[in-house]
Asker: 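For reference, the structure I am asking about is given below.
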Amino acid sequence: VHLVESGGGLVQTGGSLRLSCIASGFAFDDYAIGWFRQAPGKEREGVSAIHNGDGTTYYEDSVKGRCTISSDKAKNMVYLQMNNRESEDPATYYCGAMVARTISPSVGPARYGVYYWGHGTLVTVSS
């Protein structure tokens with residue numbers, strides 16, 4: 001099983017960035033993929049999630065309206081488009097795969113339990 005993130009880097013405040021997660025080695029449609037953010041010294045927190053089977057999505061309140069998560073079943077890819085980035089501490093973004101029949105738009109991805117993790121991609125927002 002592999003999850004590999006890409007797309008991180010330096011983005012200016014107000015700018016946009018798209019993160020990608022490619023998955024292999026498991027039944028893509030049976031899983032939800034979550035994006036998590038972890039700043040140095042802080043806990044990993046769920047940002048967004050999508051169920052690959054039914055397309056249900058979740059967004060953490062601070063990113064609603066500024067982020068869009070999407071899934072490409074043909075490529076086993078999940079994307080997180082982040083717009084209008086706000087100044088924040090540098091953070092590593094991870095994708096994680098969760099076994100779930102579906103997900104709730106109001107329940108964060110950490111509640112489902114992550115079976116597989118990627119190694120992360122670093123995002124730095126400069127002012």
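What's counted below: heavy atoms across the whole structure, side chains too, no hydrogens, waters or symmetry copies.
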Asker: State plainly whether one hydrophobic cluster holds both F28 and Y112, where clusters connect Ile, Leu, Val, Met, Phe, Trp and Tyr through side-chain heavy atoms under 4.5 angstrom apart.
Answerer: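 Different clusters.
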Asker: Which heavy atom of G8 sits nearest to which heavy atom of V123, and what is that distance?
Answerer: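 Heavy-atom minimum between the residues: CA-CG2, 4.1 Å.
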Asker: Is the backbone of N52 close enough, under 3.5 Å, to the side chain of K73 for a donor and an acceptor to pair up by distance?
Answerer: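 Present.
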Asker: Using every non-hydrogen atom in the two residues, find where M98 and A49 come nearest and quote the distance to one decimal.
Answerer: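 In terms of heavy atoms, the two residues are closest at CE-CB, 4.3 Å.
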Asker: Could you report the tightest heavy-atom contact between I50 and G55, atom names first, then the distance?
Answerer: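 Shortest heavy-atom separation between I50 and G55 comes out as CG1-O, 4.0 Å.
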Asker: Taking only Lys NZ, Arg NE, NH1 and NH2, and the carboxylate oxygens of Asp or Glu, determine whether E45 and K42 approach each other closer than 4.0 Å.
Answerer: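 Answer for the salt bridge query: no.
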Asker: Can you check whether S126's main-chain N or O pairs, donor with acceptor, with T13's side chain at less than 3.5 Å?
Answerer: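 Yes, T13 side chain to S126 backbone: donor-acceptor pair under 3.5 Å.
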Asker: Say whether V1 and V78 are linked into one hydrophobic cluster, either directly or through other cluster members, by side-chain heavy-atom distances under 4.5 angstrom.
Answerer: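 Cluster IDs for V1 and V78 match.
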Asker: Is R44 positioned over the aromatic face of F36, cation under 6.0 angstrom from the ring centre and no more than 45 degrees off axis?
Answerer: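 Ring-cation test returns no.
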Asker: Quick check: is I103 connected to Y31 through a chain of hydrophobic side chains (ILVMFWY, heavy atoms under 4.5 Å apart)?
Answerer: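 In one cluster with Y31: I103, no.
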Asker: Are L10 and L122 grouped together when hydrophobic residues (ILVMFWY) are joined by side-chain heavy atoms under 4.5 angstrom apart?
Answerer: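 L10 does not cluster with L122.
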Asker: Given 3.5 Å as the limit, does a donor-acceptor pair link the side chain of H51 with the main chain of A100, or not?
Answerer: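 Pair found, side chain donor or acceptor close to backbone of A100.
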Asker: Hey, are the side chains of Q38 and Y94 touching, using non-hydrogen atoms and a 4.5 Å cut-off?
Answerer: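 Result yes, sub-4.5 Å side-chain heavy-atom pair found.
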Asker: Evaluate the side-chain proximity of S6 to T121: yes if any heavy-atom separation is below 4.5 Å, no if none is.
Answerer: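 T121 does not reach S6 side chain to side chain.
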Asker: Is there a donor in the side chain of Q81 and an acceptor in the side chain of N83, or the other way round, less than 3.5 Å apart?
Answerer: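 Side-chain D/A pair, Q81 to N83: present.
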Asker: Which pair of heavy atoms, one from S48 and one from Y58, lies closest together, and at what distance?
Answerer: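 Residues S48 and Y58, closest heavy atoms: OG-O, 2.8 Å.
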Asker: Which atom names give the shortest non-hydrogen contact between T92 and G120, and what distance separates them?
Answerer: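 Shortest heavy-atom contact: CG2-CA, 3.7 Å.
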Asker: Quick check: do P109 and E60 have side-chain heavy atoms less than 4.5 Å from each other?
Answerer: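 With C-beta onward as the side chain, the pair stays apart.
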Asker: Between M82 and L19, is there a side-chain heavy-atom distance shorter than 4.5 Å?
Answerer: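 Yes, close enough: below the 4.5 Å cut-off.
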Asker: Count I, L, V, M, F, W, Y as connected when their side-chain heavy atoms are under 4.5 Å apart, and connections chain through other members. Are Y93 and V114 then in the same cluster?
Answerer: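 No: no chain of side-chain contacts under 4.5 Å links Y93 to V114.
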Asker: In Å, rounded to the nearest 0.5 Å, how long is the span from NZ of K75 to CD1 of I22?
Answerer: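 K75 atom NZ to I22 atom CD1 measures 9.5 Å (nearest 0.5 Å).
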Asker: Taking all non-hydrogen atoms of both residues, which atom of W35 and which atom of C21 are closest, and how far apart?
Answerer: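 Result for this residue pair: CZ2-CB, 3.6 Å.
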Asker: Flag the pair T56 / P105 as yes when at least one side-chain heavy-atom distance between them is below 4.5 Å, and no otherwise.
Answerer: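 Yes; the side chains approach each other to less than 4.5 Å.
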Asker: Using a 6.0 Å cut-off, check whether atom CD of Q12 has over 12 heavy atoms from anything other than its own residue.
Answerer: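 Not buried by this count: 12 neighbours or fewer within 6.0 Å.
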Asker: With side chains defined as the heavy atoms from C-beta onward, is the minimum distance between D72 and Y79 less than 4.5 Å?
Answerer: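 Sidechains of Y79 and D72: in contact.
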Asker: Is it the case that over 12 heavy atoms from other parts of the model lie below 6.0 angstrom from the CZ atom of R111?
Answerer: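 It does not: R111 CZ has 12 such atoms or fewer within range.
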Asker: To the nearest 0.5 Å, how far apart are NE2 in H119 and CG in L3?
Answerer: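 If we round to the nearest 0.5 Å, H119:NE2 and L3:CG are 9.0 Å apart.
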